Amino acid sequence: ETGVTQSPTHLIKTRGQQVTLRCSSQSGHNTVSWYQQALGQGPQFIFQYYREEENGRGNFPPRFSGLQFPNYSSELNVNALELDDSALYLCASTLGPGVGEQFFGPGTRLTVL
Amino acid sequence: RKEVEQDPGPFNVPEGATVAFNCTYSNSASQSFFWYRQDCRKEPKLLMSVYSSGNEDGRFTAQLNRASQYISLLIRDSKLSDSATYLCVVRKDTGKLIFGQGTTLQVKP
């Protein structure tokens with residue numbers, strides 16, 4: 001086990017709704033990255049948080065937003081859900097940006113109907 | 001064009017076979033290179049880092065060719081438990097990981 005946890009495990013929402021996904025980083029890790037993995041594709045980088053600030057963002061619209069808390073846990077929020085948002089959402093934590101291995105959590109599987 | 005490209009397969013091989021996966025990347029400024037393994041409906045897990053000098057971990061050998069922007073993974077003596085998706089990954093200096101689509105391997109008895 002990596003020590004990175006995510007909740008919930010599965011989630012079903014309808015188009016237009018909003019969702020919040022949560023991630024607890026491994027002890028001692030201050031950097032959390034979020035990835036979206038659609039079926040049959042590799043994970044795609046959404047954004048990274050380092051010491052409570054966004055530290056890089058991939059090609060995702062502003063309705064994807066995030067937060068990092070003082071204990072370095074993190075949230076991913078998605079507004080105005082679309083069918084194409086159905087995917088496995090993964091978070092990964094590291095000691096610092098570009099430092100050491102990224103340890104992934106088990107993911108949250110989001111289905112948008 | 002995707003920054004990291006892999007043949008998605010699937011590769012169907014018998015137990016004991018040797019199988020090779022290849023990957024190309026387009027950004028010469030890429031910093032570090034890895035192979036990850038992902039089992040069905042699970043999170044990716046680091047298999048091994050990839051270096052220009054080549055590196056080996058048991059039955060697995062990885063190689064990086066910076067001039068050709070090409071990464072390879074060789075699996076010898078395939079086991080049933082090697083069945084998974086293998087993801088080629090480039091890491092930027094910020095820590096951002098760029099994943100290929102993944103190559104699916106199915107090892108059959």
Side-chain angles (χ1 to χ4, degrees), chain A residues 1-7 9-10 21 23 25-26 29-51 53-60 86-111, chain B residues 1-11 21-27 29-51 55 57 62 71 73 83-106:
Chain A
E1 298 297 326
T2 64
V4 180
T5 61
Q6 292 186 245
S7 63
T9 307
H10 297 88
L21 310 181
C23 171
S25 59
Q26 189 173 83
H29 287 189
N30 59 20
T31 303
V32 172
S33 300
W34 285 91
Y35 296 83
Q36 179 197 66
Q37 186 174 23
L39 198 62
Q41 302 296 317
Q44 285 198 23
F45 176 77
I46 303 174
F47 42 56
Q48 180 186 89
Y49 277 83
Y50 169 56
R51 292 186 173 179
E53 297 285 332
E54 188 179 290
N55 184 48
R57 188 180 182 92
N59 189 26
F60 280 81
S86 295
L88 179 67
Y89 288 85
L90 296 157
C91 77
S93 75
T94 46
L95 287 168
V99 178
E101 180 182 344
Q102 288 201 19
F103 292 94
F104 283 85
T108 293
R109 190 163 297 279
L110 172 65
T111 301
Chain B
R1 185 188 169 195
K2 292 182 180 179
E3 191 167 345
V4 179
E5 298 217 47
Q6 292 180 254
D7 177 353
F11 285 61
F21 304 139
N22 303 317
C23 164
T24 57
Y25 62 96
S26 59
N27 189 336
S30 298
Q31 295 291 311
S32 307
F33 306 88
F34 306 91
W35 283 100
Y36 275 70
R37 170 188 169 134
Q38 187 172 28
D39 293 296
C40 188
R41 305 181 78 84
K42 299 280 193 180
E43 72 273 23
K45 292 183 178 176
L46 179 65
L47 179 66
M48 58 198 303
S49 302
V50 189
Y51 305 110
N55 49 303
D57 182 2
I71 303 162
L73 176 68
S83 298
T85 296
Y86 291 84
L87 295 157
C88 177
V89 182
V90 166
R91 187 175 74 182
K92 303 297 190 178
D93 56 5
T94 57
K96 172 183 175 180
L97 299 182
I98 311 293
F99 288 81
Q101 180 180 357
T103 299
T104 300
L105 172 66
Q106 186 68 46

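Values below: every heavy atom of this structure, side chains too, minus hydrogens, waters and symmetry copies. Computed from a predicted structure; not experimentally measured. Every chain is numbered from 1, with letters handed out A, B, ... down the list of sequences.
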At their closest point, which heavy atom of A/Gln41 faces which heavy atom of B/Lys2, and how far apart are they? OE1-NZ, 3.4 Å
Which atoms of B/Leu97 come close to chain A, meaning under 4.5 Å heavy atom to heavy atom: side chain ones, backbone ones, both, or neither? both
For B/Phe34, is it the side chain, the backbone, both, or neither that has a heavy atom closer than 4.5 Å to a heavy atom of chain A? neither
Below 4.5 Å, heavy-atom pairs only: which of B/Arg41, B/Gln31, B/Lys92 has the largest tally toward chain A? B/Arg41
Give, for atom NZ of B/Lys42 and atom CG of A/Leu90, the distance between the pair rounded to the nearest 0.5 Å. 12.5 Å
Nearest-0.5 Å distance that lies between atom CD in B/Glu43 and atom CD in A/Gln37: 10.5 Å
In the structure I gave you, are the side-chain heavy atoms of A/Phe45 and B/Thr94 within less than 4.5 Å of one another anywhere? no
Please classify the contact between A/Gln48 and chain B as side chain, backbone, both or neither, with a heavy-atom cut-off of under 4.5 Å. side chain
Which bit of B/Gln38 comes within less than 4.5 Å of chain A, counting heavy atoms only: side chain, backbone, both or neither? side chain
Less than 4.5 Å to any heavy atom of chain B: does that hold for the side chain of A/Tyr50, its backbone, both, or neither? neither
Is A/Gln6 close to chain B through its backbone or its side chain, or both, or neither, when contacts mean heavy atoms under 4.5 Å? neither
